[in-house]
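A short worksheet on the structure shown next.
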Amino acid sequence: MTFTERIRQSADSIWEKSHQHPFVQGIGNGTLDIEAFKFYMCQDYKYLIEYSKVIAMGTVLAKDLDTMSGFAKSLDETLNFEMDLHRQYAERLGISKEALEATVPGPVTLAYSSNMLAEAQKGSLASLIAAILPCAWSYYEIGLELAKKPGALEHEQYGEWVKMYSSDEFGSIGKWLIEKLDELAKGCTEAELDDLEAIFLNTSRYEYMFWDMAYNRESWPV
Ligand SMILES: Cc1ncc(C[n+]2csc(CCO)c2C)c(N)n1
């Protein structure tokens, strides 16, 4: 079993809860309240800004040009492709560019992005990848699952979302990160692997919490 197969297996019960979450299911069958989706889009936009900074740190921590180049490509894709989806949705849903950018990150968004940045700052590329891998990987898994549902890809509101996250482009980012982490894991001690697994599990939990936060449109209590 590869290292990423091992951590995917230990995160299975968390990922299953994300797959079954009413927000995710609602995107797939088209019943999600559009107000929850708008809330999600705005929070996710702020999240992706911080995610982009983590990816940029990947280029700094990379030990070879190929890896630097992979992170640079992923940075470009996040800022100019994935975030374009959000900008287009915002326009269509009547959210101005200013309002999108002025979104105040809620507690889960802030905790999640701060945790990724903190793991990246520990200075090892393996920790950084363990902290971001569930993002790319779980969205691709969810995208592929939802794309199988009748009508999901053609849905007036959520079809574009399902199309983007089930696309080969997104799949290949996840696969690239999986390969990198498996390569790096070969040089790690068992204690280091346990640390990486814990980082991966925490991000998996935050992914679940992000769906839940969006579904409940949760912001600061005071
Ligand atoms: C909370 C949250 N988690 C994951 C993603 C998806 N995602 C983030 S970065 C990336 C890979 C390349 O850009 C993917 C697929 C998201 N949008 N929001």
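Heavy-atom basis, side chains included; hydrogens, waters and symmetry copies ignored. This one's a predicted model, so the numbers in the text were calculated from it and none came from an experiment.
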Considering non-hydrogen atoms only, spot the tightest contact between S166 and Y140 and give its length. O-CE1, 3.7 Å
Using the side-chain contact (heavy atoms from CB on, under 4.5 Å) rule, take W137 and F170 through it: C-alpha gap first, then chi angles, then the decisive distance, then the call. CA-CA 9 Å; W137 193 356; F170 274 102; over 6 Å; no
Side-chain touch E207/I14, heavy atoms, less than 4.5 angstrom: no
For H21, which of W211, W15, Y215, Y40 qualifies under ring pair (Phe, Tyr, Trp, His ring centres under 6.0 Å)? Y215
Testing the basics here: between T109 and Q43, what is the closest heavy-atom pair and its distance to 0.1 Å? OG1-OE1, 2.5 Å
More than 12 heavy atoms from other groups under 6.0 Å of NZ on K17: no
Evaluate the side-chain contact (heavy atoms from CB on, under 4.5 Å) criterion for residues S127 and D195: first the C-alpha distance (whole Å), next the side-chain angles of each, then the deciding distance (0.1 Å), finally the verdict. CA-CA 8 Å; S127 304; D195 281 347; over 6 Å; no
Does the side chain of T59 reach to within under 4.5 Å of the side chain of L75, using non-hydrogen atoms? no
Closest approach of A130 and P134, non-hydrogen atoms and distance? O-CD, 3.4 Å
Any donor-acceptor N or O pair under 3.5 Å, side chains E50, Y112: no
In one Ile/Leu/Val/Met/Phe/Trp/Tyr side-chain cluster, 4.5 Å: L144, L177: no
When you group the ILVMFWY residues by side-chain heavy-atom contacts below 4.5 Å and let the links chain together, are F37 and M83 in the same group? yes
Side-chain heavy-atom pair L48, Y45 within 4.5 angstrom cut-off: no
Which residue in the set H86, R87, Q88 passes side-chain hydrogen bond (donor to acceptor under 3.5 Å, both in side chains) when paired with D84? R87
For E91, I'd like to know if atom CD has over 12 heavy atoms of other residues, nucleotides or ligands within 6.0 Å. no
Can we say R217 and E35 salt-bridge, meaning some charged N sits less than 4.0 Å from an Asp/Glu carboxylate O? no
Is the shortest distance from a Lys or Arg side-chain nitrogen in D194 or R6 to a carboxylate oxygen in the other one below 4.0 Å? yes
Report yes or no: does S74 contribute a side-chain atom to a donor-acceptor pair with the main-chain N or O of G70 at less than 3.5 Å? no
Does the pair K73/D76 count as a salt bridge with the N-to-O cut at 4.0 Å? no
Checking side-chain contact (heavy atoms from CB on, under 4.5 Å) for the pair T4/F200: CA distance, chi angles, key distance, verdict? CA-CA 10 Å; T4 54; F200 184 88; over 6 Å; no
Between R8 and E197, is there a salt bridge with N-O shorter than 4.0 Å? no
Is D182 paired with K186 through a side-chain N to carboxylate O contact shorter than 4.0 Å? no
Side chains of L61 and S124: closer than 4.5 Å at any heavy-atom pair? no
Take V162 and I27, measure what side-chain contact (heavy atoms from CB on, under 4.5 Å) needs, and give me the verdict at the end. CA-CA 8 Å; V162 178; I27 290 181; 3.8 Å; yes
What heavy-atom pair brings C42 and I95 nearest, and what distance separates the two atoms? SG-CD1, 3.9 Å
Exercise: do E5 and Q9 side chains pair donor with acceptor under 3.5 Å: no
If you measure only the distance, is there a donor-acceptor pair under 3.5 Å linking the side chains of Y165 and E82? yes
Is any NZ, NE, NH1 or NH2 atom of the basic residue among K148 and E145 found under 4.0 Å from an Asp or Glu carboxylate oxygen of the other? yes
Aromatic rings H155 and Y158: how do their planes relate, parallel, tilted or perpendicular, breaks at 30° and 60°? parallel
For I34, does the CD1 atom sit with more than 12 other heavy atoms under 6.0 Å from it, leaving out its own atoms? yes
Steps toward salt bridge (charged side-chain N to carboxylate O under 4.0 Å, His left out) verdict (E101, K97): CA-CA 6 Å; E101 283 177 22; K97 200 162 174 273; 3.5 Å; yes
Does the side chain of P107 reach to within under 4.5 Å of the side chain of W220, using non-hydrogen atoms? yes
Show the nearest heavy-atom pair for residues A62 and L125, with the distance to one decimal. CA-CD2, 4.2 Å
Answer yes or no: is there a donor N or O on one side and an acceptor on the other, between the side chain of T203 and the main chain of A131, under 3.5 Å? yes
Just checking, R92 and Y89: is the charged tip under 6.0 Å from the six-membered ring centre and within 45° of the axis? yes
Which heavy atom of W176 sits nearest to which heavy atom of T67, and what is that distance? CH2-O, 3.6 Å
Do L128 and F71 have side chains that approach each other closer than 4.5 Å (heavy atoms only, starting at C-beta)? yes
